[in-house]
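A quick write-up on the structure given underneath.
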Protein chains: 2
Amino acid sequence: MDPTPLLNYISRYVNLSAEEEALLVSKAGYRKYLKGQFVVQQGDICRYENFVLSGCLKTFYPDPEGQEHIVMFAVENWWVTDLGSFITRTPARFNVQCLENTELVQFSYDTLEQLYLDIPKLERLFRIILQKAYVASQDRLVRNFSLPARERYTEFRRQYPGIEQRVPQYMIASYLGITKEFLSRIKNRPEEES
Amino acid sequence: MDPTPLLNYISRYVNLSAEEEALLVSKAGYRKYLKGQFVVQQGDICRYENFVLSGCLKTFYPDPEGQEHIVMFAVENWWVTDLGSFITRTPARFNVQCLENTELVQFSYDTLEQLYLDIPKLERLFRIILQKAYVASQDRLVRNFSLPARERYTEFRRQYPGIEQRVPQYMIASYLGITKEFLSRIKNRPEEES
DNA sequence: CTTTTTTATTGACCTGGTTCATTTTCTCCC
DNA sequence: GGGAGAAAATGAACCAGGTCAATAAAAAAG
């Protein structure tokens, strides 16, 4: 595998020495998945924090009535895992599935904990990443409360310009929290202006 | 001020030496607010990360139509700030207002950045706190998508048993993303069973 | 190219939750 | 205690978005 994308990504937040980079890479796992394969399966304990080198994945959750709700998409340079399961060693509530053939860098729980001790800068790295992720999650919550579906869709396209071309429309509807039928109507009955 | 609650809280996640604790406390600000006062005001740059020693606050956001949406409540032992504003030094999108007389421990941006350098364990502390906050935020997102209002309300009472007694009902409705009228109906038309 | 399967569109009807207006109940302060 | 303002309850009309069912279009398989 080529760890360059991961190291480039990290260097945006902290400066690792050459030795630290080497250590990190030596502890990193690498795995290829085919389209359709599950990286995390609901009910299992989620073993890895995953960095996406290439490909595209969805994190989703079947609700009590069996409807699938997509929590997030992940593409190149994103982290993806069931964080709740990963940090508490409890059964995953989400599934993570590949929507394309995908290459991941993987860090197991124990490896990552050891890396935090060996390279304290990683604490800083993940602190910063998590700050951003938390703010993004709050933003999304706010949008879901205060914007109607049509505007959430517009917002989605602004924020994830690439993804709409890569995933089917019914998954975008699920991400937005509406039905595929309603999203179809939104697209085909464009904004009647006053 | 008595920093004991803060130190107790921190000790749940990392072990600080006596010197580190002393340094932390020496850098901590302390401030009392009266019921109704604003700790963060939308449009200002949010200057502090705040730890609640006593009292109760709401973080809220007026949507384009002027409706108030409550993003979170904070009580004793919670952190509260507009994190997006705080970390990026940009105007706050949220307001944070006291619902009771409130005592806060405050860390300014520069102070906290310096503390991260002086006490690297704080990177770990906040990394762990943010992991939990992020997971909680994702959970809430999922609940908002997949549960009807009545069950979200039940869930809210399970998760925040104290708060319902401390804040007016219309604020809980706002937190749940429904109107005060509808919450009133939910409470007074109890779950018709089959 | 043709068949099969997966996605997307469209229509008719339905419902959870909103809006607005009115009334009742709670607080709390003089 | 009594009165004023805030909070909660209630009723009636309404709407954003959902459900179900039936095509149509596109993609994948052969």
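In what follows, every heavy atom counts, from backbone to side chain, and hydrogens, waters and symmetry copies are set aside. The model shown is predicted, which means the values in this text are computed figures rather than measured ones. We name chains A, B, ... by the order of the sequence lines, and we start the count at 1 in each one.
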Figure out the [atom1]/[atom2] separation between [X] and [N], and round it to whole Å.
X: Arg152(A); N: dA16(D); atom1: CZ; atom2: P; answer: 13 Å
X: Phe145(A); N: dG17(C); atom1: CZ; atom2: P; answer: 12 Å
X: Ile186(B); N: dT10(D); atom1: CD1; atom2: P; answer: 14 Å
X: Gln165(B); N: dA7(D); atom1: CD; atom2: P; answer: 17 Å
X: Glu164(B); N: dA7(D); atom1: CD; atom2: P; answer: 16 Å
X: Gln169(B); N: dA9(D); atom1: CD; atom2: C1'; answer: 9 Å
X: Ile178(B); N: dA9(D); atom1: CD1; atom2: P; answer: 12 Å
X: Leu99(B); N: dA7(D); atom1: CG; atom2: C1'; answer: 15 Å

Checklist entry - Checking all strands, does Tyr170(B) fall into the base, sugar-phosphate, or nothing category for heavy-atom contacts under 4.0 angstrom? => result sugar-phosphate
Next on the checklist: OP1 or OP2 of dT18(C) versus the side-chain N and O atoms of Thr179(B): is any pair under 4.0 Å?
Outcome noted: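 For dT18(C), OP1 or OP2 has a side-chain N or O of Thr179(B) closer than 4.0 Å.
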Checklist entry - When you check the phosphate oxygens OP1 and OP2 of dT18(C), does a side-chain N or O of Gln67(B) lie under 4.0 Å from one of them? => result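 Looking at the OP1 and OP2 atoms of dT18(C), neither is under 4.0 Å from any side-chain N or O of Gln67(B).
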Checklist entry - Does the side chain of Asn95(A) reach to within under 4.5 Å of the side chain of Lys58(A), using non-hydrogen atoms? => result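 A side-chain contact is absent here, since even the closest heavy-atom pair is not under 4.5 Å.
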Consider the side chain of [X], meaning its heavy atoms from C-beta on, and name the nucleotide among [options] that approaches it most closely.
X: Phe182(B); options: dG17(D), dT9(C), dT18(C); value: dT18(C)
X: Ser184(B); options: dC20(D), dT10(D), dA8(C); value: dT10(D)
X: Arg185(B); options: dG11(D), dA12(C), dG17(D); value: dG11(D)
X: Glu181(A); options: dG17(C), dT10(C), dA8(D); value: dT10(C)
X: Pro168(A); options: dA7(D), dT7(C), dT10(D); value: dT7(C)
X: Asn188(B); options: dG17(D), dA8(D), dT10(D); value: dT10(D)

Checklist entry - Yes or no on salt bridge (charged side-chain N to carboxylate O under 4.0 Å, His left out) for Glu113(B) and Arg89(B), after CA distance, side-chain angles and deciding distance? => result CA-CA 13 Å; Glu113(B) 288 296 322; Arg89(B) 328 305 298 128; over 6 Å; no
Item to check | Shortest non-hydrogen contact between Phe182(A) and Ala149(A), atoms and distance | outcome: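 Smallest heavy-atom distance, with atoms named: CE2-CB, 3.7 Å.
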Checklist entry - Do Arg166(A)'s NZ or CZ and the ring of Phe73(A) fall within the cation-pi criteria of under 6.0 Å and 45°? => result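 Checked: cation-pi criterion not met.
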Next on the checklist: Taking Arg152(B) first and then Glu155(B), would you say they form a salt bridge - that is, a charged N and a carboxylate O separated by under 4.0 Å?
Outcome noted: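 Salt bridge: no.
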